[in-house]
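Notes to accompany the following structure.
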Protein chains: 2
Amino acid sequence: MEWNHSLNTQGLARGGMKKRGVTSKDVAKLAGVSQSAVSRCFSPHAKVSEATRQKIHKAARELGYRPNSIARSLITRSSQTVAVVFQSLENPFYSTMLERASRFFQEQGYFLQLFAASPGDSIDDVIDGLIRSQVEGVLMLAITLDAEQAAMLTDLSIPIVIINRTVAYDGVSQVSGDNFHGGYWAAQHLVRCGHQRFAYLAGLDGTSTSDQRRDGFIAGLADKGAELHSQDIGNYRYDDALLAARRLLSSSTPPDAIFAANDLMALAVMEAARHEFHLSVPEELAIIGFDDVPMAAWPSHALTSLAQPVTDMIARATELLMTQIHDPETIPQHIKLPVVPMVRGSTRSLR
Amino acid sequence: MEWNHSLNTQGLARGGMKKRGVTSKDVAKLAGVSQSAVSRCFSPHAKVSEATRQKIHKAARELGYRPNSIARSLITRSSQTVAVVFQSLENPFYSTMLERASRFFQEQGYFLQLFAASPGDSIDDVIDGLIRSQVEGVLMLAITLDAEQAAMLTDLSIPIVIINRTVAYDGVSQVSGDNFHGGYWAAQHLVRCGHQRFAYLAGLDGTSTSDQRRDGFIAGLADKGAELHSQDIGNYRYDDALLAARRLLSSSTPPDAIFAANDLMALAVMEAARHEFHLSVPEELAIIGFDDVPMAAWPSHALTSLAQPVTDMIARATELLMTQIHDPETIPQHIKLPVVPMVRGSTRSLR
DNA sequence: GTGAAAGCGCTAACAT
DNA sequence: ATGTTAGCGCTTTCAC
């Protein structure tokens, strides 16, 4: 204990020196109890007498003791940590979800580790990090895994919930909007409004959301005897969508209706159409987005969009993850939530 | 080892059962070496012969071994984790910073733990979490600490970098824009454009950014012989700013120029002015924001704003934090970066 | 109710 | 270069 003595006499006084924190042993010594008594005292179901509880808390407060959760994790084999993996936070749809998830897990007494999946890179490095840090569950924000990657985690009984992407195998939970019907509605609505040349602005190539929305859009057109006039890709990003919009609208026979795979891109189309091509929206160009981010409702944009129930989605996803963490027998679920058309000024009124 | 035997014969085969992960001991046994050899093999400066390295890696790959970083953290007393604490991610200014920070720390081999500071609540709970989880550094996104709270962390030699808030004491680093001069410029610009009634839309009450921008604004007005006509508060949030804008513009003598403490609020003012009060911007109402988020530059908004160098800010902050983590002797710095006026259509042209 | 003792999975001396 | 040993700070039997 001489070591701790030196800590208290000079370690705290001088700045800059790397010192170890207060341990349960220090508290035990000051309180005159055993180290295990201190440990019990900081456990939820403390079997300690009121008298010792007092002594220990007093000593703990004096020393500024906080249980080291790393040591706790090692012995209990539970990190009390969940991971959130994301691609990009440019879309407020995802930053909102992250914020909600963060608050939710924090309330549940869990820590949240954040992992960024770089667009180009493989996600294997992220998976490695997830396993090394022993997270107890993973929330994937618009991240796809193949079956093998998912198995790496689920084999270690680390549950996964994927938001806004669908995968073809079981074993992971997923929560997403009804992309197909969203696309379908967009097509039917545009046809009903009397448009002729329908373009699709895709999100990220090969993502389930983008593909399903496109498939629904094409099916919706087909059922009205119409077909896709043109398409381009905007990677779900504003800047890329701006470039795509310019390409689409520069055509000698440009589309008169564009369905974009998310609002961010739809708004880029709107900016380009109005301010670069001087088209009136919706008379000369109708635009529909997806997500219904708050900006879509701003009167300047008045973007018709398919609202994804973001509050519901993140709540279902986080609760599902917690359930699976607490009971590993829980069957992973595939939840598909309805999307709701929000008709605004970026599409013509019917008739 | 009988335990591990049962693990391998049935644990992996059956699903749903909670099993422990592969440890360095398992790998050692399979490779026919000591456990410490395995440990060395996964350390940066491995002093192992090529032969054993091969054997170990082969065994590790076979078993799917990954070092348990919790155990490593316990012995090395370093969690390889930094924390980011935020209030809200509604403003893309912060979600962008978070994304950048996440990628930066990940590249440096650090984990990132995310903590949400609830608006009303004290952040003592967050501080408790930071200490318990033994983070090695803390990035505060627009979070203020008082001296005592900061000392809790710095006494444990956990460096803190505060972004976009300033505090009056030393011991923590801070990176922010030059709020005062930003406000000063806004005032001078509005006066030069010929406006008469100047309103300030404050951010969150008592935050350094909001106060400094207001003080600069008032000083800028005063130097032109003008003064503040009215002010209101929007809590840095879109919705609250919308309400504030309605209050300001409903006055019998409404302002003809509003300086908002951030772009999100400025855009709310713009929406209300144009679409609810049918005012032309900038002829009847000039608007200036702060931050220069991407949306500000969209032609529909063309918001004059004071650009904060977000890329620079987050880079300086993260690098500073890493420096302080690696060398505890590093003196905390207070960095104030210049803000750059971006003149756009929401203010009249001069003369 | 309380303490002694045995680890959790790893790293880091210290021998060899 | 490799193995042996002693912990990191905590939780959790197990006696008492």
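Every chain is numbered from 1 and lettered A, B, ... according to where its sequence line falls, protein lines coming before strand lines.
Put simply, chain A comes within 4.0 Å of DNA chain C, heavy atom to any atom, from dG1(C) to dG9(C), going 5' to 3'.
Rounding to whole angstrom units, CZ of residue R77(B) and C1' of dG9(D) are separated by 9 Å. Straight-line distance from the CD1 atom of I75(B) to the P atom of dT5(D): 17 Å, rounded to whole Å. In this structure, the CD atom of Q54(B) is 16 Å from the P atom of dA1(D), given to the nearest Å. One interatomic measurement links the two molecules: CZ of R72(A) to P of dT11(D), which rounds to 4 Å at whole-angstrom precision. Rounded to an integer number of Å, the gap from NE2 of H45(A) to C1' of dT11(D) is 13 Å. In this entry the distance linking NZ of K55(B) with P of dA1(D) reads 15 Å, nearest Å.
For the pair S24(A) and S49(B), both in contact range of DNA chain D, the more 5′-proximal nearest nucleotide belongs to S49(B). Map Q35(A) and L74(B) each onto its nearest nucleotide of DNA chain C; the residue landing nearer the 5' end is Q35(A).
Ionic pairing of E107(A) and R103(A) is not present here: no N-O contact between side-chain nitrogen and carboxylate oxygen is shorter than 4.0 angstrom. A salt bridge between E62(B) and K58(B) is present, with a side-chain N of the basic residue lying under 4.0 Å from a carboxylate O of the acidic one.
When atom types are taken as modelled, the side chain of T52(A) and the backbone of S49(A) share a donor-acceptor pair closer than 3.5 angstrom. The backbone N or O of S78(B) lies less than 3.5 Å from a partner atom in the side chain of S73(B), making a donor-acceptor pair. Judged by distance alone, with hydrogens and angles left aside, the side-chain atoms of S173(A) form a donor-acceptor pair with the main-chain N or O of Q333(A) at under 3.5 Å.
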Mind running side chain to side chain donor-acceptor pair (under 3.5 Å) on T311(A) and R100(A) for me, showing each step along the way?
-> CA-CA 8 Å; T311(A) 299; R100(A) 303 272 177 88; 3.1 Å; yes
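If you check every strand for non-hydrogen atoms under 4.0 Å, T52(A) touches sugar and phosphate atoms only. Residue contacts shown for F42(B) are absent, as no nucleic acid heavy atom lies under 4.0 Å away. Looking at heavy-atom distances under 4.0 Å, S73(B) makes no contact with the nucleic acid at all.
A sub-4.0 Å separation between OP1 or OP2 of dT11(D) and a side-chain N or O of S39(A) is present. Listed pair T76(B) / dC8(D) fails the phosphate criterion, with no side-chain N or O lying under 4.0 Å from OP1 or OP2.
By the 6.0 Å contact criterion, CD on E50(A) is enclosed, its count of non-hydrogen atoms from other residues, nucleotides or ligands being greater than 12.
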Between protein and nucleotides 14-16 of chain D, what N or O pairs are separated by less than 3.5 Å?
none

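On a pure distance criterion of 3.5 Å, a polar donor-acceptor pair joins the side chain of S36(B) and the base of dT4(D).
Picking from dT11(D), dG3(D), dG9(D) the nucleotide with the shortest atom distance to the side chain of V33(B) gives dG3(D).
Under the 4.5 Å side-chain criterion, counting only non-hydrogen atoms from C-beta, Q106(B) is in contact with S102(B). Contact of the D170(A) side chain with the P332(A) side chain is not registered, since no non-hydrogen atoms from C-beta on lie closer than 4.5 Å.
In summary, of the residues considered (L112(B), I314(B), I162(B)), a side-chain contact (heavy atoms from CB on, under 4.5 Å) with L139(B) occurs for I314(B) alone.
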